[in-house]
Chemist: 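Dumping the structure here so I can ask a few things about it.
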Amino acid sequence: MQLISLKAESDVHEFLISKTFWAVVYRNVPERLAALARLAAERPDVFAFESSQKIAERCNVSQTSVVRFAQHLGFDGFAEMKQVFQRGLRQSARRAS
């Protein structure tokens, strides 16, 4: 079940910091992806800058699960999701300055 397509959102920052959004994601992802949802909510920087393999190791899941998590959020794959997390962090930095 796809929850939302983050790639279509212009203000990704709002979704990345939204506790409500991540609570919905966490409740609706398959159990094997829950650790990824938790990490994405708590540490979006990890998703913006680390490899899918490193993220998989952090969450004790397969690299394929990381790709499935990205697809669950509406992305074609991990690379596309990573770019959106990077965009969200850039938006956060601009707002802070």
Side-chain angles (χ1 to χ4, degrees):
M1 175 175 108
Q2 180 181 322
L3 299 171
I4 190 167
S5 179
L6 284 177
K7 68 183 177 181
E9 297 299 326
S10 60
D11 193 357
V12 177
H13 164 78
E14 292 301 320
F15 282 99
L16 292 182
I17 65 167
S18 170
K19 292 188 185 315
T20 303
F21 171 74
W22 288 112
V24 170
V25 170
Y26 185 78
R27 280 195 311 269
N28 290 291
V29 294
E31 188 177 326
R32 67 188 178 284
L33 302 181
L36 293 163
R38 191 171 28 257
L39 181 62
E42 294 171 1
R43 297 282 314 274
D45 59 307
V46 169
F47 279 79
F49 300 112
E50 289 192 4
S51 69
S52 58
Q53 183 61 43
K54 289 283 187 191
I55 293 168
E57 290 169 7
R58 279 179 179 263
C59 294
N60 270 340
V61 299
S62 69
Q63 191 171 9
T64 303
S65 291
V66 177
V67 173
R68 285 191 185 119
F69 179 71
Q71 291 168 338
H72 188 79
L73 293 177
F75 300 103
D76 294 330
F78 175 75
E80 186 178 29
M81 179 178 69
K82 184 175 186 159
Q83 290 174 347
V84 171
F85 272 78
Q86 289 172 349
R87 190 173 81 218
L89 291 177
R90 280 193 302 273
Q91 288 174 353
S92 295
R94 270 183 257 159
R95 288 177 185 193
S97 59

Chemist: Is the closest side-chain heavy-atom distance between Val61 and Leu36 below 4.5 Å?
Modeler: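 Yes; the side chains approach each other to less than 4.5 Å.
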Chemist: If you round to the nearest 0.5 Å, how far is NZ of Lys82 from CZ of Phe49?
Modeler: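 Rounded to the nearest 0.5 Å, the CZ-NZ separation comes to 8.5 Å.
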Chemist: Looking only at non-hydrogen atoms, find the nearest pair between Leu89 and Ala48 and report the distance.
Modeler: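 Taking every non-hydrogen atom into account, CD1-CB, 3.4 Å.
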Chemist: Distance from Phe85 atom CZ to Leu73 atom CG, nearest 0.5 Å?
Modeler: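 Interatomic distance, Phe85 CZ to Leu73 CG, rounded to 0.5 Å: 6.5 Å.
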Chemist: Hey, could you give me the SG/NZ distance between Cys59 and Lys54, rounded to the nearest 0.5 Å?
Modeler: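 Interatomic distance, Cys59 SG to Lys54 NZ, rounded to 0.5 Å: 13.5 Å.
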Chemist: What residues, two or more places apart in sequence or in another chain, satisfy side-chain contact (heavy atoms from CB on, under 4.5 Å) together with Ser52?
Modeler: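 Partners of Ser52 under the side-chain contact (heavy atoms from CB on, under 4.5 Å) test: Gln63, Val66, Phe78.
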Chemist: Tell me every residue that passes salt bridge (Lys or Arg N to Asp or Glu O under 4.0 Å) with Arg43, counting only those two or more places apart in sequence or in another chain.
Modeler: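 Salt bridge (Lys or Arg N to Asp or Glu O under 4.0 Å) check on Arg43 returns Asp45.
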Chemist: With sequence neighbours left out, which residue pairs that include part of residues 55-70 fulfil the salt bridge (Lys or Arg N to Asp or Glu O under 4.0 Å) condition?
Modeler: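 Checked against salt bridge (Lys or Arg N to Asp or Glu O under 4.0 Å) - neighbours excluded - the pairs reaching residues 55-70 are Glu50-Arg58.
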Chemist: What is the minimum heavy-atom distance between Val29 and Ala37, and which atoms define it?
Modeler: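 In this case the closest contact between Val29 and Ala37 is CG2-CB, 4.4 Å.
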Chemist: Going by the rule side-chain hydrogen bond (donor to acceptor under 3.5 Å, both in side chains), which residues pair with Ser51 if we only count those two or more places apart in sequence or in a different chain?
Modeler: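 Counting only residues at least two positions away or on another chain, Ser51 forms no side-chain hydrogen bond (donor to acceptor under 3.5 Å, both in side chains).
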Chemist: Please list, chain by chain and in numerical order, all residues satisfying side-chain hydrogen bond (donor to acceptor under 3.5 Å, both in side chains) with Arg38, sequence neighbours excluded.
Modeler: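 Once residues adjacent in sequence are excluded, the partners of Arg38 under the side-chain hydrogen bond (donor to acceptor under 3.5 Å, both in side chains) criterion are Tyr26.
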